[in-house]
Amino acid sequence: MTVPYNHREVEQKWQKVWDDEKAFKTSDDYSKPKYYALVEFPYPSGQGLHVGHPRPYTALDIVARKRRMQGYNVLYPMGWDAFGLPTENYAIKNHIHPRIVTKNNVERFKGQLHALGYSFDWDREINTTDSDYYKWTQWIFLKLFKAGLAYKSEMPINWCTSCKVGLANEEVVNGVCERCGAEVVRKVKSQWMLKITEYADKLIQGLDTVDYIERVKVSQKNWIGKSQGAEVDFAITGKEEKLRIYTTRPDTLFGATYMVVSPEHPLIDKYRDEIKNYDELCAYREQAAKKSDFERTELAKDKTGVQIDGITATNPVNGKEIPVWISDYVLMTYGTGAIMAVPAHDERDWDFAKKFHLPIIEVVAGSKVSVQEQVYTDVATGTIVNSEFLDGLSVADAKERIIAYLEEKGIGCSKTNFKLRDWVFSRQRYWGEPIPIVECEKCGFVPLDESELPLELPEVESYMPTDNGESPLAAMTDWVNTVCPCCGGPAKRETDTMPQWAGSSWYFLRYTDPHNKEALAGREALEYWMPVDWYNGGMEHTTLHLLYSRFWHRFLYDQGQVSCAEPYQKRTSHGMILGSNGEKMSKSRGNVVNPDDIVQDYGADTLRTYEMFIGAFDLSAAWSEDGVKGCRRFLERVWKLQDIIVDGDAYSADLETKMHQTIKKVSGDFENLKYNTAIAAMMALINEFYKKNAVTRGEYKTLLILLNPVAPHITEELWQAAGYEGRVYQTTWPEYEEAKTVESTVELGVQINGKLRATITVSKDETKDAVIAMAREALGDKLTGTIAKEIYVPGRLVNLVVK
RNA sequence: GCGGAUAUGGCGGAAUUGGCAGACGCGCUGGUUUUAGGUACCAGUGGGCAACCGUGCAGGUUCGAGUCCUGUUAUCCGCACCA
């Protein structure tokens with residue numbers, strides 16, 4: 001009888017061995033084939049590791065370990081995305097420097113990850129808050145600035161009226177401050193912006209060249225929101241000036257019965273003398289500005305607006321005079337801030353026209369507008385009517401025709417718009433990368449010289465933002481007042497810092513060469529390692545982090561700094577781990593599971609196995625302590641196979657097919673995010689061993705290798721105990737023979753009219769006639785009437801169609 | 001409202017992509033070992049006495065549908081009037 005399975009001893013032992021042997025150190029031998037597996041690096045929060053973290057980490061650890069055994073040079077790194085709000089807030093509250101808070105949290109996280117036995121190369125650990133690291137974040141910012149992609153602009157920020165502090169979006173809950181519950185208003189402040197919009201098209205096109213799960217591609221495309229339409233000039237009656245609008249439906253131009261401009265549109269102030277109800281418009285504008293996003297959502301269906309009295313416009317294609325309204329359903333930030341309204345064929349225009357009794361003209365025949373009193377927005381069917389030279393055309397043809405007409409007459413042009421907005425890049429916070437720009441009275445915004453990087457975060461007395469909304473750095477006059485790098489005159493440093501997204505927008509590059517002092521990473525390292533072969537992360541990062549980092553990478557590519565256009569070859573996403581009640585884990589719900597407890601009580605291998613077995617990797621799954629026990633039981637059963645090992649390096653004859661099938665199944669499933677079925681296959685395999693009460697040394701060896709990526713500690717221990725050579729992590733991944741995965745005899749279902757009536761066992765290469773004959777015999781009396789059709793699907797079933 | 005997903009035993013979930021639904025695990029029932037509890041092991045476990053019926057619901061295509069098509073309901077996630 002063998003010793004019992006003591007997970008604590010086994011896991012500590014092997015973690016030490018791996019450390020001592022530098023088992024997972026990435027090699028600098030660039031002649032080997034490479035594999036770069038990446039998981040999103042965590043924010044080291046004060047709560048420590050959550051059971052959600054190990055799910056993706058284990059999944060890619062499995063891939064990384066398997067790839068090493070397949071002979072690849074594997075880069076599987078880990079680091080810390082450590083700038084950010086919670087650390088800063090904790091520092092403010094407890095009067096501890098955020099650097100200390102970060103250091104403590106990182107230590108805790110690292111200890112927890114280490115205890116889970118991940119094969120990260122810790123020599124490549126990075127931390128976004130190290131000045132050696134953020135030096136290069138600042139360096140990239142300077143490149144963006146010099147390329148004209150960083151600029152300052154007035155943007156509204158969330159302002160808590162009670163705390164007198166600018167808030168991040170995530171600190172605003174239902175329109176009030178998360179901390180004090182006071183009202184949050186918009187306050188305009190000059191902020192750094194990055195022109196991600198300039199890369200909108202490249203970011204869409206790049207998606208065609210990469211292997212991302214479909215829903216990630218779809219979300220990115222929707223977020224960028226490309227729409228093709230036209231800009232058209234409407235004449236303002238009696239004026240030289242035109243009112244330019246954007247529309248995706250230029251084909252409905254003849255159906256425009258009024259226009260709407262956004263309340264902030266400059267037209268209103270420009271013609272204030274001619275406008276008879278200017279005061280009324282101003283009142284509406286003020287009301288619209290006060291509406292919070294929350295209220296605007298609530299009121300989405302109920303349209304409001306005021307007609308501009310004194311101004312009308314002329315439809316350029318038919319010369320008709322139409323009224324102009326203002327309404328907050330038109331946004332100043334999209335298109336031109338003005339629209340033509342075609343109520344017959346746009347839902348919002350329809351609602352608005354109905355409310356204010358404006359005329360509705362049908363220009364796409366779909367019978368619904370006039371007959372059923374319904375808006376008709378379908379573009380795939382329908383024929384243009386009431387539109388002179390467009391009559392009879394399809395929507396698509398009419399679009400083409402009208403755009404040609406507009407361009408010929410000089411009253412409009414085709415135009416592409418994006419929903420994507422530029423990236424607001426500054427934060428009025430302490431715990432972020434300082435923006436390496438000074439403002440000189442004479443020279444304006446001047447970038448620091450690269451030699452001055454890193455621009456280190458100075459020590460401050462208080463991390464609290466100031467009451468006027470400036471960053472805490474603004475109070476440090478010694479630091480703020482500096483000289484202009486350009487003219488030597490007096491200048492002030494930028495006191496805002498970068499958002500948390502900055503450090504994570506390029507970290508995958510740093511891992512390739514983390515200690516490089518001369519560059520963000522060496523050229524050779526970048527060329528060898530990039531792109532990331534497989535990147536896994538949460539769906540919540542699809543539109544921000546993933547898009548931002550693709551933007552930075554594409555920019556660096558255009559600058560000749562990196563050698564591939566897209567940073568990630570493959571992107572997958574994991575599902576969330578929910579509490580045992582099926583709800584999201586949270587302290588307030590009291591359903592949080594601490595991974596440390598599971599590691600203590602059941603072991604890291606059990607936790608890893610369970611998290612992989614819990615369900616389909618991309619779907620959310622509820623935690624179950626009983627499920628954990630089941631996985632522990634499985635490992636116990638693997639442990640106890642030691643008692644029934646028999647001699648023989650080969651697979652036994654009766655299990656040969658099963659062995660080859662299992663290798664195939666596990667190898668394939670590990671590549672396709674199907675960890676749950678891979679583990680199920682291994683469970684089924686050991687059930688076979690127990691049925692026979694014997695496992696050959698050859699079978700046992702294969703099992704240990706297959707299971708090793710999932711449960712690395714126990715398999716190393718058993719490997720050593722069985723006296724196999726070296727370590728599992730140094731061995732070679734087993735091969736299977738396709739021919740040997742097929743059983744020589746198969747059981748077939750025999751159906752009558754699609755219903756199962758019997759089963760027969762036949763040899764895999766039996767002829768159809770013979771199989772049918774056997775099927776008829778097996779059915780006996782059950783077969784009545786005449787057979788109209790005989791269907792034989794080899795390896796599957798026989799179906800007899802009877803009349 | 002728009003976009004994306006999901007729906008299969010008591011529970012978590014499988015199903016070679018149109019071919020024997022319920023793999024694997026949990027739980028449960030009975031048994032063996034044990035002073036007992038737990039552990040471990042063995043047998044059983046979708047429903048129904050049966051014929052049969054069973055993959056959210058209603059239709060359809062097919063020799064054959066969890067899988068394809070049409071419609072519909074519920075739940076979850078993301079977005080918010082983008083002309």
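All figures in this text were calculated on a predicted structure; none of them were measured in a lab.
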Colleague: For Ala622(A) and for Phe613(A), find the nucleotide of RNA chain B with the closest heavy atom, then tell me which residue's nucleotide is more 5'.
Modeller: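 The answer here is Ala622(A).
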
Colleague: What about Lys303(A): does its side chain form a donor-acceptor pair under 3.5 Å with the base of C81(B)?
Modeller: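 Between C81(B) and Lys303(A), which were checked side chain against base, a qualifying N/O pair under 3.5 Å is present.
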
Colleague: Which part of the nucleic acid does Arg421(A) contact within heavy-atom distance under 4.0 Å: base, sugar-phosphate only, or nothing?
Modeller: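 Answer is base: heavy atoms of Arg421(A) come under 4.0 Å of a base.
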
Colleague: Please report, rounded to the nearest Å, how far the P atom of A83(B) is from the OH atom of Tyr334(A).
Modeller: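 Interatomic distance, OH of Tyr334(A) to P of A83(B): 4 Å.
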
Colleague: For G66(B) versus U8(B), give the span between their P atoms, rounded off to a whole number of Å.
Modeller: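 Straight-line distance between the two P atoms is 15 Å.
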
Colleague: Out of C63(B), A83(B), A40(B), which has the shortest distance to the side chain of Lys640(A)?
Modeller: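 Looking only at heavy atoms from C-beta outward on Lys640(A), the closest nucleotide is A40(B).
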
Colleague: In whole angstrom, give the distance that lies between atom CZ of Arg215(A) and atom C1' of C77(B).
Modeller: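 Roughly 9 Å, once rounded to whole Å.
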
Colleague: Please tell me which of the listed nucleotides, G19(B), G27(B), C63(B), lies nearest to the side chain of Arg633(A)?
Modeller: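 Selected nucleotide: G27(B).
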
Colleague: What is the distance from CG of Asp626(A) to P of G10(B), rounded to the nearest Å?
Modeller: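 Checked: the CG to P distance equals 18 Å.
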
Colleague: When we call it a touch if two heavy atoms are under 4.0 Å apart, what does Ile614(A) touch: a base, just sugar-phosphate, or nothing?
Modeller: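 Here Ile614(A) touches the backbone only, sparing every base.
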
Colleague: Can you measure Trp325(A) atom CH2 to A83(B) atom C1' for me and round it to whole angstrom units?
Modeller: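 These atoms are roughly 18 Å apart.
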
Colleague: What's the gap between A58(B) and C11(B) when it is taken at their C1' atoms, as a whole Å value?
Modeller: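 A58(B) and C11(B) have their C1' atoms separated by 29 Å.
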
Colleague: Applying a 4.0 Å non-hydrogen cut-off, can you work out what Lys674(A) is touching in the nucleic acid: base, sugar-phosphate, or nothing?
Modeller: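 Since only primed, P, OP1 and OP2 atoms lie under 4.0 Å of Lys674(A), the category is sugar-phosphate.
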
Colleague: May I ask you to say what Ala616(A) touches in the nucleic acid, namely base, sugar-phosphate or nothing, with a heavy-atom cut-off under 4.0 Å?
Modeller: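 If one applies the 4.0 Å heavy-atom cut-off, Ala616(A) turns out to touch the sugar-phosphate alone, with no base involved.
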
Colleague: Considering every strand and a 4.0 Å limit on heavy-atom distances, what is the contact class for Asn687(A): base, sugar-phosphate, or nothing?
Modeller: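 Sugar-phosphate contact only.
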
Colleague: Can you figure out which of G64(B), A15(B), C24(B) approaches the side chain of Asn799(A) most closely?
Modeller: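 Nearest listed nucleotide: G64(B).
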
Colleague: Test Asp422(A) against Lys195(A) for salt bridge (charged side-chain N to carboxylate O under 4.0 Å, His left out), laying out the working first.
Modeller: CA-CA 5 Å; Asp422(A) 278 344; Lys195(A) 265 190 214 169; over 6 Å; no

Colleague: So does Glu688(A) pair up with Lys691(A), basic N to acidic O under 4.0 Å?
Modeller: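 Yes, this pair counts.
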
Colleague: Round to the nearest Å and state the distance from Met683(A) atom CE to G25(B) atom C1'.
Modeller: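 Distance check: Met683(A) CE to G25(B) C1' gives 6 Å.
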
Colleague: Any side-chain N or O of Arg632(A) under 4.0 Å from OP1/OP2 of G25(B)?
Modeller: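 For G25(B), neither OP1 nor OP2 has a side-chain N or O of Arg632(A) closer than 4.0 Å.
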
Colleague: OP1, OP2 of C2(B) versus side-chain N and O of Asn222(A): anything below 4.0 Å?
Modeller: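 Answer no for this pair, as no side-chain N or O of Asn222(A) is under 4.0 Å from OP1 or OP2.
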
Colleague: Going by an N to O cut-off under 4.0 Å, is there a salt bridge joining Lys664(A) and Glu671(A)?
Modeller: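 Between Glu671(A) and Lys664(A) there is no salt bridge, as every charged N stays at least 4.0 Å from the carboxylate O atoms.
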
Colleague: Quick one: is the NZ or CZ of Lys354(A) closer than 6.0 Å to the six-membered ring centre of Trp350(A), and within 45° of its axis?
Modeller: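 Checked: cation-pi criterion met.
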
Colleague: Which whole-number value in Å describes the distance from Lys354(A) NZ to C81(B) P?
Modeller: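 So the NZ-P distance, Lys354(A) to C81(B), works out to 24 Å.
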
Colleague: Are Arg632(A) and Glu636(A) ion-paired here, with the side-chain N under 4.0 Å from a carboxylate O?
Modeller: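 Salt bridge: yes.
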
Colleague: So which nucleotide does A80(B) pair with, by the Watson-Crick or G-U wobble rule with both distances under 3.5 Å?
Modeller: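 Base partner found: none.
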
Colleague: Considering every strand and a 4.0 Å limit on heavy-atom distances, what is the contact class for Ser219(A): base, sugar-phosphate, or nothing?
Modeller: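 Contact class for Ser219(A): none.
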
Colleague: For G44(B), which nucleotide is its Watson-Crick or G-U wobble mate, given both distances must be under 3.5 Å?
Modeller: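 Pair assignment: G44(B) / C28(B).
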
Colleague: Output yes when at least one side-chain N/O atom of Arg796(A) is less than 4.0 Å from OP1 or OP2 of G64(B), else no.
Modeller: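 Result: no.
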
Colleague: Can the positive tip of Lys303(A) be found less than 6.0 Å from the middle of the six-membered ring of Tyr329(A), inside 45° of the ring normal?
Modeller: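 Here Lys303(A) passes the 6.0 Å and 45° test against Tyr329(A).
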
Colleague: Determine the interplanar angle of the Phe352(A) and Phe356(A) rings, folded into 0 to 90°, and report it as parallel if under 30°, tilted if 30 to 60°, perpendicular if over 60°.
Modeller: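 Tilted.
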
Colleague: Please give the distance between the P atoms of U45(B) and G10(B) as a whole number of Å.
Modeller: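 Their P atoms lie roughly 15 Å apart.
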
Colleague: Which nucleotide sits closest to the side chain of Gln751(A): A21(B), G25(B), A83(B)?
Modeller: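 Closest nucleotide among those given: A21(B).
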
Colleague: Run the numbers on Glu611(A) and Arg55(A) for salt bridge (charged side-chain N to carboxylate O under 4.0 Å, His left out), then give the verdict.
Modeller: CA-CA 6 Å; Glu611(A) 293 217 7; Arg55(A) 197 180 194 190; 5.8 Å; no

Colleague: Heavy atoms from C-beta onward define the side chain here; which of G19(B), A14(B), A83(B) lies closest to that of Asn676(A)?
Modeller: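 Nearest to the side-chain atoms of Asn676(A), counting from C-beta on, is A14(B).
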
Colleague: Using Watson-Crick or G-U wobble geometry with both distances below 3.5 Å, tell me the partner of U35(B), or none.
Modeller: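 Here U35(B) is not engaged in any pair, so there is no nucleotide opposite it.
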
Colleague: Taking pairing as Watson-Crick or G-U wobble with both contacts under 3.5 Å, can you name the mate of U6(B), or confirm there isn't one?
Modeller: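 Its partner is A74(B).
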
Colleague: What distance, rounded to whole Å, do you find between the two P atoms, one in C68(B) and one in C2(B)?
Modeller: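 Straight-line distance between the two P atoms is 23 Å.
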
Colleague: Enter syn or anti for the glycosidic conformation of U67(B), syn applying to angles within 90° of 0.
Modeller: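 What U67(B) shows is an anti base, its glycosidic angle lying more than 90° from 0.
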
Colleague: So Ser227(A), base contact, sugar-phosphate only, or nothing? Heavy-atom distance under 4.0 Å.
Modeller: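 The residue Ser227(A) makes sugar-phosphate contact but no base contact.
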
Colleague: At under 4.0 Å between heavy atoms, what does Ser624(A) touch on the DNA or RNA strands: base, sugar-phosphate, or nothing?
Modeller: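 Contact class for Ser624(A): none.
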
Colleague: For a quick test of reading the model: is some side-chain N or O of Arg244(A) closer than 4.0 Å to OP1 or OP2 of A83(B)?
Modeller: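 No, because none of the side-chain N or O atoms of Arg244(A) sits under 4.0 Å from OP1 or OP2 of A83(B).
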
Colleague: In terms of side-chain heavy atoms of Leu619(A), which of A15(B), C63(B), U6(B) is nearest?
Modeller: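 My answer, after comparing the listed nucleotides, is U6(B).
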
Colleague: Nearest whole angstrom, please: distance from the C1' of G1(B) to the CG of Asp351(A).
Modeller: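 Distance, rounded to whole Å: 10 Å.
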
Colleague: C1' atom, G25(B) versus A74(B): distance in rounded Å?
Modeller: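 That atom pair is separated by 28 Å.
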
Colleague: Taking any strand in view, what nucleotide pairs with A23(B) in a Watson-Crick or G-U wobble way, both distances under 3.5 Å?
Modeller: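 By the stated definition (distances under 3.5 Å), nothing pairs with A23(B).
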
Colleague: When all nucleic acid strands are considered with a 4.0 Å heavy-atom cut-off, which category describes Gly630(A): base, sugar-phosphate, or nothing?
Modeller: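 Sugar-phosphate, backbone atoms only, no base.
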
Colleague: Quantified in whole Å, what is the C1' atom distance between nucleotide U32(B) and nucleotide A23(B)?
Modeller: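 Straight-line distance between the two C1' atoms is 28 Å.
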
Colleague: Could you pick out which residue, Asp349(A) or Ala681(A), lies toward the 5' side of RNA chain B when each is mapped onto its nearest nucleotide?
Modeller: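 Mapping each residue to its closest nucleotide by heavy atoms, the 5'-most match is Ala681(A).
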
Colleague: Taking only the C1' atom of each, what is the distance from G47(B) to G54(B) in whole angstrom?
Modeller: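 Approximately 7 Å lies between the C1' atom of G47(B) and that of G54(B).
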
Colleague: Glycosidic conformation of G31(B), syn or anti, with 90° from 0 as the boundary?
Modeller: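 You should classify G31(B) as anti.
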
Colleague: What's the CD1-P distance between Ile339(A) and C81(B), to the nearest Å?
Modeller: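 In whole Å, C81(B) P and Ile339(A) CD1 are 13 Å from each other.
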
Colleague: If you measure only the distance, is there a donor-acceptor pair under 3.5 Å linking the side chains of Glu625(A) and Tyr602(A)?
Modeller: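 Present: a donor and an acceptor within the cut-off.
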
